[in-house]
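Read the structure below first, then the notes.
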Amino acid sequence: MTAKDRSGFVLHGAVVYSKDKDKLICFDDAYAVSLDGISEGVFPFLPEEYKELPLIETGGKLIIPGFTDLHIHAPQYQFRGNGMDIELLPWLETYTFPEEARYSDLSYAERAYKIFAEELKNGATVRASVFATSHTGATLRLMELLEESGLVTLVGRVNMDRNVPDYYVEETEASISGTEEWLREAEKKGFSRTRPVITPRFTPSCSRELMTGLKKLAERYAAPVQSHLSENLSEIEWVHKLEPDTSCYADSYVKAGIMNKGIPCIMAHCVWSDEKEQEILKDNNVFIAHCPDSNTNLSSGAAPVKCYLEKGMNVGLATDVAGGHTASMINAIRSAIQVSKLRNRLYDRDTKALTFEEAFYMATKGGGAFFGKAGSFDKGYSFDALILDDLSIPTAREDLSAKERAERFIYLGDDRYISGKIVAGKRIR
Ligand code: GUN
Ligand code: FE
């Protein structure tokens, strides 16, 4: 079968993508080829075999892989940009739990999740791992809306059986059986790009019995797991009190069996993970979702992500809306670099600041790896792309390199400069 008999196209423009954490591949003028939703690679001259595929001329626009948001709370989208005056634990009680409880009302969920799915579709994110609430109906509806959006997502019905207000907490058994029912219902929907992810909120709100039950579901339904870890100092102290037999916060997940090599796992934050905890994360192949805007807004701290990258740990970037005030991954990349510079300058001279290459990598290939081969134009990767009209950000310079354009877009750009978006070879805007 020749290329022309298959479903594909060629994008022509400037191209930038990550080879690895230290290396960007940059072309001022090149052809990116998609066949059956998979990248064939990027070429300075179009190879003969692809010449009969439809050619999309971007007029010199910048083409990059889309971003993976490794941690975002859909039901918190409606209060983004509010409630930035307190730290994590009072923030949950004051703003977050009351808002999430509203999703028992399906008509509110419908309105709110429609806005969320539409905004995510129009932004720079192509893949995301999403927290919902503990309401099965609303969570299924969110999954339908995300499926329709064309984005590739993991969505989790949230579990909590302790230390949560009466109006929002569940009994342990109800939380486990409700989760199984949700997994069955989600399976019946036959989604092609929306998958469930088991979601114990965090150790303070999940008993070991609950987490052990969820671990069994993760195994039975071959679902990954997502949660929070070592975000805030008061939270960590609380975990030590709640789980006295654990050696560190991560050990509470290990002891429940839910953090183990056999279950793909995302842990958001890891701001305060010490060497011992880092070893546990590395041994269990955990993906760290670094959320610089949230860590700043909730006064959580500045995570030593450069050190995680240098140790070869899996790190992606995330917005953590509404701890993060915006779902813009463009912002997250910029903030990751800025926060790492403050950490280095103010109190940790040993941990160097992130480079642009590293931050771009975390937002693309780093986090994308949780979804398989995603976040790059290397041959064999899912063809996810953003077409950016970055040159409409005014400049007199006509000699900007592709790399300079990408860096400038991250610092100066926003969603308004996205003129095309492709996910797994399908144009969604
Ligand atoms: N820890 C437990 N729940 C949450 C949440 O909703 N947001 C953040 N940032 N941290 C959490
Ligand atoms: Fe979070």
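The basis for the numbers below is simple: all heavy atoms, side chains too, and nothing from hydrogens, waters or symmetry mates. Indexing begins at 1, ligand by ligand and atom by atom, following the structure's order. Predicted, not measured: the structure shown is a model, and the values here were computed from it.
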Which bit of F97 gets closer than 4.0 Å to ligand 1, counting heavy atoms only: side chain, backbone, both or neither? neither
Specify the closest pair of heavy atoms between R405 and G60, including all atoms of both residues, with the distance to one decimal. NH2-O, 2.9 Å
Any donor-acceptor pair under 3.5 Å from D69 side chain to A318 backbone: no
My understanding is that only one of Y113, F97, Y168 makes a ring pair (Phe, Tyr, Trp, His ring centres under 6.0 Å) with Y103; could you say which? Y113
Give a yes or no on whether the ring-centroid distance for F131 and H228 is below 6.0 angstrom. yes
Going by the atom numbers of ligand 1, which of them fall below 4.0 Å from some non-hydrogen atom of H269? 9 (N)
Tell me the protein heavy atom at minimum distance from atom 3 (N) of ligand 1, and give that distance in Å. R201 NE, 2.8 Å
Counting from 1 in the order shown, the ligand 1 atoms closer than 4.0 Å to a non-hydrogen atom of D320 are 8 (C), 9 (N)
Below 3.5 Å, N or O to N or O, backbone or side chain included: is there any such pair between W91 and ligand 1? no
Regarding D320, does it place an N, O or S atom less than 2.8 Å from the Fe ion (ligand 2)? yes
When you measure from the Fe ion (ligand 2) to the N, O or S atoms of H73, does any of those distances fall below 2.8 Å? yes
Considering both backbone and side-chain atoms of Q76, is one of its nitrogen or oxygen atoms within less than 3.5 Å of a nitrogen or oxygen in ligand 1? yes
Nearest option to atom 4 (C) of ligand 1, as decided by whichever heavy atom of H228, H71, E231 sits closest: H228
Would you call the rings of Y253 and Y249 parallel, tilted or perpendicular, taking 30° and 60° as the class edges? parallel
Heavy atom of E235, distance to ligand 1 below 4.0 Å: no
Shortest non-hydrogen contact from L70 toward I288: CD2-O, 4.0 Å
Heavy-atom closest pair (Y167 atom, E93 atom, distance to 0.1 Å) is OH-O, 4.4 Å
Look at H71 and state whether any of its N, O or S atoms is less than 2.8 Å from the Fe ion (ligand 2). yes
Just wondering, do T395 and R408 contact through their side chains at under 4.5 Å, heavy atoms? yes
